[in-house]
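Following: one structure in structure tokens, then a few remarks.
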Amino acid sequence: MVSHAFDALVIGAGIAGATAAAHLSTTRRVALLEAEESAGYHATGRSAAIWIRNYGSPDARILTAASRAFFESPPPGFADAPLMRPRPVVHLAPPDQVDQLRAMIAEGDDMHEIALAEVQAMVPALRPGYAAMAAIESDCFDIDVAAMHQGFLRQARAAGGTLALRARAGRIWREAGAWHAETASGAIFSAPVIVNAAGAWGDEVARIAGLDPIGLQPKRRTACIVDPGDYDCTEWPLLGDAGHGWYVRAEARRKLMVSPADETDTAPYDAQPDEYDVAVAIDRMQRALDIPVARIEHRWAGLRTFTPDRGLAIGEGAEPGFFWMVGQGGYGMQTAPAAGALLAALVDGRNPGALAAAVPLCDPRRFARRQAA
Ligand SMILES: Cc1cc2nc3c(=O)[nH]c(=O)nc-3n(C[C@H](O)[C@H](O)[C@H](O)COP(=O)(O)OP(=O)(O)OC[C@H]3O[C@@H](n4cnc5c(N)ncnc54)[C@H](O)[C@@H]3O)c2cc1C
């Protein structure tokens, strides 16, 4: 049996584990354990890759805003290409969603009503009569997810970190002041600190470690790629309804990603698209956009995993040295740079500075307190 000693173990090499490992590795020797053959195989490789300021729980919004500067100017050598590409978001309200859109404008930052004629000029495929009102958020962007994920993994490796693939942590225990994780090959990784960044499997990892779950719920979301016909959609905004029933995002000149914005509760698994959800996506999109769909070019599904209050869980749990980095829901990409910095500050016992307001909101112990009450 081979034994490896580190200063911190991170379970899961999706974007959460990658940013955690990169930030921790500035002061610690880190081992990043990933069950799959490649890092990013699950939710991280399946996202829609968008940064939207007015999205998600209050803590997600703090971390989203705090991550913006990183996307704009990452450290030198972090990535070969820009991490962001501007793309406004336009919310459309059919008559029965007008009140909802007004509420979104009232509570959102930098979001305002836009004339339907302007939307029509941006997106000529918009069916006249679909929307009664529209709003735009100009300061949004596409994220180069692969570049960000690889950048964090590269940072961790450059600082002496180890990425172990095909290394599912199947047994986790605490002994003599250290956490130990045994992988399928029988190797044992040990460190005083362990970070649970296992995404949809976060509660399962806690159970393996003999700890209480926090009530994570993976929810399947579906997406597919269609050809927008004669339209060049490259510069289209991200477009969706205010009721979160569908959205589309340009992938390239002749590719449009369509999603029914579904949230189907599931157990953690290698999510696969359901044909019904794909059909719903196309139907809802076609009510708004005049785009004939001859063929679905590609379809996929991924798990967006939420805590019971849909906020993130970042911080130490009930057991010393066991840190949670889960519950990223639909905002794991846009929050990743600041989330990693927050996690590292909490592990180090440092003041997280501008992120301090997020600390109580992200505290994983809030779920245990709630269960006890
Ligand atoms: C369709 C879709 C669209 C999305 N769009 C956006 C978007 O536009 N913007 C945005 O910010 N976010 C978006 N998201 C959300 C984002 O993708 C997730 O929040 C993010 O990927 C979560 O990252 P993660 O690292 O927590 O999870 P994952 O990427 O799932 O990583 C967890 C890893 O842990 C590993 N693991 C599990 N158990 C073990 C174990 N015992 N031992 C070792 N390894 C283990 C798994 O194999 C997995 O690789 C979207 C998600 C989906 C599905």
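Counting starts at 1 for both ligands and their atoms, in listed order. In this text the structure is predicted, and so the values were computed from the model without any measurement. Along the sequence shown, residues carry numbers from 1.
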With a sphere of 6.0 Å drawn around [atom1] of [X], does it hold more than 12 non-hydrogen atoms of other residues, nucleotides or ligands?
X    : atom1 : result
Y269 : OH    : yes
D80  : CG    : no
D265 : CG    : yes

Tell me whether [X] has any N or O atom under 3.5 angstrom from an N or O of ligand 1.
X    : result
I208 : no
I15  : yes
W300 : no
A16  : yes
A169 : yes

With atoms numbered from 1 as shown, which atoms in ligand 1 lie under 4.0 angstrom from a non-hydrogen atom of [X]?
X    : result
V205 : 41 (N)
H42  : 30 (O), 46 (C), 47 (O), 48 (C), 49 (O)
R304 : 51 (C), 52 (C), 53 (C)
E36  : 47 (O)
A48  : 3 (C), 4 (C), 5 (N), 6 (C), 8 (O)
T44  : 21 (O), 23 (O), 25 (O), 28 (P), 29 (O)
A198 : 32 (C), 34 (O), 37 (C), 38 (N)
A197 : 32 (C), 34 (O)

Taking [X] first and then [Y], would you say they form a salt bridge - that is, a charged N and a carboxylate O separated by under 4.0 Å?
X    : Y    : result
K255 : E297 : yes
D241 : R284 : no
R365 : E319 : no
D262 : R304 : no

Can you tell me which residue and heavy atom of the protein come closest to [atom], and the distance to 0.1 Å?
atom                    : result
atom 1 (C) of ligand 1  : R46 O, 3.3 Å
atom 18 (C) of ligand 1 : G329 O, 3.7 Å
atom 48 (C) of ligand 1 : E34 OE1, 3.5 Å
atom 14 (N) of ligand 1 : S47 CB, 3.7 Å
atom 31 (O) of ligand 1 : G14 CA, 3.5 Å
atom 38 (N) of ligand 1 : W201 CB, 3.5 Å
atom 34 (O) of ligand 1 : G12 CA, 3.2 Å
atom 44 (N) of ligand 1 : A35 N, 3.1 Å

Is [X] in contact with ligand 1, taking contact as a heavy-atom separation below 4.0 Å?
X    : result
A49  : yes
Y331 : yes
A167 : yes

Next item on the list: Decide whether V226 and W246 are clustered together by the hydrophobic rule: side chain heavy atoms of Ile, Leu, Val, Met, Phe, Trp, Tyr closer than 4.5 Å, transitively.
Entry: yes
Backbone of [Y] reached by a side-chain donor or acceptor of [X] within 3.5 Å:
X    : Y    : answer
W51  : I143 : no
R85  : F141 : no
E316 : L346 : no

Parallel, tilted or perpendicular: which describes the rings of [X] and [Y], with under 30° parallel and over 60° perpendicular?
X    : Y    : answer
W324 : F322 : perpendicular
F152 : F70  : parallel
F6   : F189 : parallel

Check: Hey, mind stepping through T162 and H4 against side-chain contact (heavy atoms from CB on, under 4.5 Å) and telling me if it holds?
Finding: CA-CA 11 Å; T162 297; H4 309 276; over 6 Å; no
Item checked: Nearest candidate to atom 26 (O) of ligand 1, where distance is taken over non-hydrogen atoms, out of R220, M333, R168, Q328 -> Q328
Margin query: Minimum distance, heavy atoms only, to atom 10 (C) of ligand 1: which one of G330, G170, A336, A60 is it?
Written below: G330
Check: At a non-hydrogen distance cut-off of under 4.0 Å, which region of A223 contacts ligand 1 (side chain, backbone, both, or neither)?
Finding: neither
Check: Of the backbone atoms (N, CA, C, O) and the side-chain heavy atoms from C-beta on, which set of I50 has a member under 4.0 Å from an atom of ligand 1: side chain, backbone, both, or neither?
Finding: both
Checklist line | Verdict with supporting geometry, M133 and R102, side-chain contact (heavy atoms from CB on, under 4.5 Å) | finding: CA-CA 9 Å; M133 183 182 169; R102 286 197 202 289; 3.6 Å; yes
